[in-house]
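Shown next, in structure tokens, is the structure this report addresses.
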Amino acid sequence: MLERFYGSMVRTRFAPSPTGYMHIGNLRTALYAYLTARRHQGVFILRIEDTDQGRNIPEAVAAIYKGLQLAGLDYDEGPDKDGGYGPYIQSERLPIYQEHAQRLLEMGAAFRCFCRKEDQPEGDDAPTRRDPCRLLTPAQVEEKMTAGESFVIRQRIPDGGSTTFRDHVYGEITVENAQLDDQVLLKSDGFPTYNFANVVDDHLMAISHVMRGQEYLSSTPKYNLLYRNFGWEVPEYVHLPLIVKEDGTKFSKRLGDPSFEDLVKMGYLPEAIVNYIALLGWSPGNDQEFFTLAELEKVFSIDRINKSSAAFSFDKLTWLNGEHIRALSLEAFHELALAYYPPELADYDTLKISELLQVRTEKLTEIPEMVTFFAAVPDYDVELYIHDKSKSDLATSLAVLKGVLPLLAEIKTFNNDNLFLMLKQFGKENGFKTGTVMWPIRTALSGVPATPGGATALAEILGREETLRRVAAGIAKLEAAV
RNA sequence: GCCCCCAUCGUCUAGCGGCCUAGGACGUGGCCCUCUCAAGGCCAAAACCGGGAUUCGAAUUCCCGUGGGGGCACCA
């Protein structure tokens, strides 16, 4: 399906409006556009769509750069990377839109509309598709203009007929022109609407594949009419299915759903989010689910994009995040984990702690909770020593702890392997299962029912001195209870 | 209201007329491993929205219905 472009350059673009954050749907659009460009040795372009003067957030453009960088989507052309098709910020292209609107006016494909915004009907039903101003005579237009009345420029939709276009994922779509409205192309403030700017820019920037959300599907015929008016070749269209929540409602930042940046703050790795997002609406055709960006660049294909909307599953993202965490080198994971360790852990060998944590961490944010016991044993219930599976109860626990205390004090090399062998031997000699020996020690050392690593691993990290102190405290606690 | 789109396990999906007693993954349940918890291994429950039509044969093609989503802004 892409044959037509194998001979020429594939150029895709990501054209966000500066809202201050990277919406998940936008991230996926950017990803797919990026992957399509990379897959065909094409060019990926960043264009800023800041044509809504009432909605611009000053720092928002920086957020776009940051988001793309975080995701690893580097662009070949953009505001700060001139590729000869600039400017790449729409607010800097105003004369271009005005000139093109003028051409449309001259060929009769557009007209000036002097209606006041307040006069426009805004009901849910029976929208006026044909604007009354399209009937104004040149003299009337002249009169209103000299009177200084403000106006917008609207597209003149043909009265009859229909418009058909082909979309790569949705196939052929036909819409009656009667269904299309005389949309505004140029606002009264001189800025273009998205509907106009995207057509002009996509053509002028030689975009080969227009990739965007499915919400633009029904207005695409209007864009095609514009391309036809200008005599331009229509680009390839690739509309992407929506991303929704598991309850089927829209995934929206405004409704409290996290943005890309929010997800990172929640402890998800950017590469895991990118991996997960790639699978939301696309599948490789085999069973592989773990992908690095580099791998995606090799296998991504427009032909395998799905039509139906996909629900965002935090469960699956979390699992995939765990996969990415485990795929990290210990050093890389350690560096990430460091930021989540409480300062009290500084006394310990945190690299060893990281080693225990890596296989047990699904989200970085759950790290603090998993390691607090290293800093201090919480006030735990003595019942914690009772554990059926380990055949451990208060009596065995007390006996084990007491028997093991001197051994721990004497053992020459205080490390995981030696401790394990020694304690196992202790169990054998005293008729205890290994688990019966380990359970009370682990409990005394941590005060929590589950820890990253077992008794001996914790002991090694805590060191002989602290281990003895905690075991002694455990003995005291048990003696008080018995 | 009008127009457009979509429809396989709870979720993401494979399937592009016979290979389907519908495959994989997440999640869920069980077992194994085991020094707790994870990780890992094994197993289980779990789906083709409904009705017609085409065909020797339909999850796959067509039509109708139903359900869901999107659009109809001087927002993108």
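Taken to the nearest 0.5 Å, the CE atom of A:M22 stands 10.0 Å off from the OG1 atom of A:T29.
Rounding to whole angstrom units, OH of residue A:Y276 and P of B:U11 are separated by 12 Å. In this structure, OH of A:Y170 is placed 12 Å from C1' of B:A7, rounded to the nearest angstrom. Note: CG (A:D388) to P (B:C37) measures 12 Å, nearest angstrom. Atoms CH2 (A:W319) and C1' (B:G24) sit 10 Å apart, rounded to a whole Å. For A:K316 and B:C9, the NZ to P distance is 14 Å, given to the nearest whole Å. For A:H23 and B:C75, the NE2 to C1' distance is 14 Å, given to the nearest whole Å. Rounded to whole angstrom, the span from the NE2 atom of A:H239 across to the C1' atom of B:C5 amounts to 11 Å. Rounded to an integer number of Å, the gap from CG of A:L445 to C1' of B:C37 is 15 Å.
If you check B:A39, B:G24, B:U36 against the side chain of A:E289, the one that comes closest is B:G24. In this structure, of B:C5, B:C74, B:C6, it is B:C6 that holds the atom nearest to the side chain of A:S308. When distances run from any side-chain atom of A:V175 to the nucleotides B:C37, B:C3, B:A76, the shortest one goes to B:C3. Of the candidate nucleotides B:U36, B:G71, B:G24, B:G71 has the atom lying nearest to any side-chain atom of A:S218.
A donor-acceptor pair shorter than 3.5 Å cannot be found between the side chains of A:Y75 and A:Y65. Side-chain contact check for A:T443 and A:H387: no donor-acceptor pair (N or O, by modelled atom type) lies under 3.5 Å.
At the phosphate of B:C35, neither OP1 nor OP2 sits under 4.0 Å from any side-chain N or O atom of A:T434. Side-chain nitrogen and oxygen atoms of A:K187 include at least one within less than 4.0 Å of the OP1 or OP2 phosphate oxygen of B:C75. In this structure, A:K389 reaches the B:C37 phosphate: one of its side-chain N or O atoms is under 4.0 Å from OP1 or OP2. OP1 or OP2 of B:G40 has at least one side-chain nitrogen or oxygen of A:R326 nearer than 4.0 Å. A close approach under 4.0 Å does occur between a side-chain nitrogen or oxygen of A:T51 and OP1 or OP2 of B:A76.
At a threshold of 4.0 Å, the pair A:E355-A:K352 does not count as salt-bridged, since none of the basic side-chain nitrogens sits closer than that to a carboxylate oxygen. By the 4.0 Å N-to-carboxylate-O rule, A:D257 lies too far from A:K250 to be salt-bridged with it. In this structure, A:D181 does not pair ionically with A:R154, as no charged nitrogen and carboxylate oxygen lie closer than 4.0 Å.
Both thresholds, 5.5 Å between centres and 30° between ring planes, are not jointly met by A:Y194 relative to the base of B:C75, so the two rings are not stacked.
At the heavy-atom level, A:V152 lies under 4.0 Å from base atoms of the strands shown. Among the protein residues, A:S17 comes within range of the sugar-phosphate backbone only, with heavy atoms under 4.0 Å from sugar or phosphate atoms but none that close to a base. Within 4.0 Å of A:T451, counting heavy atoms only, lies at least one base atom of the nucleic acid. If you check every strand for non-hydrogen atoms under 4.0 Å, A:E323 touches sugar and phosphate atoms only. A:G453 comes within 4.0 angstrom of a base, heavy atoms only. Using a 4.0 Å heavy-atom cutoff across all strands shown, A:F191 reaches no nucleic acid atom at all. Residue-level contact check: A:A455 touches the bases, meaning some heavy atom is under 4.0 Å from a base atom. Counting non-hydrogen atoms under 4.0 angstrom, A:N416 reaches a base of the nucleic acid. Looking at heavy-atom distances under 4.0 Å, A:R304 makes contact with sugar-phosphate atoms alone, never a base.
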At under 4.0 Å between heavy atoms, how does the protein contact nucleotides 61-69 of chain B? Give one character per nucleotide, 5' to 3', with B, S or -. --------S

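The partner of B:G27 cannot be assigned: no Watson-Crick or G-U wobble pair with both contacts below 3.5 Å exists in any strand. Using N1 to N3 plus N6-O4 or O6-N4 for Watson-Crick, or N1-O2 and O6-N3 for G-U wobble, each under 3.5 Å, B:C37 pairs with nothing.
For the pair A:N177 (side chain) and A:D159 (backbone), a donor-acceptor distance under 3.5 Å is absent. A:R156 places no side-chain N or O within 3.5 Å of a backbone atom of A:L105 that could act as its donor or acceptor partner.
Checked against the 6.0 Å centroid criterion, the rings of A:Y223 and A:F165 do not qualify as a close aromatic pair.
If you find the closest nucleotide of RNA chain B to A:L279 and to A:F151, the one lying nearer the 5' end belongs to A:L279. Where A:M438 and A:N306 meet RNA chain B, the nucleotide closest to each residue was compared, and A:N306 sits on the side nearer the 5' end.
A donor-acceptor contact under 3.5 Å is formed by the side chain of A:T456 with the base of B:C35. Between the side chain of A:R360 and the base of B:C37, a donor-acceptor pair under 3.5 Å is found.
Aromatic ring pairs are classed by plane angle as parallel below 30°, tilted from 30° to 60° and perpendicular above 60°; the pair A:F251 and A:H23 is perpendicular.
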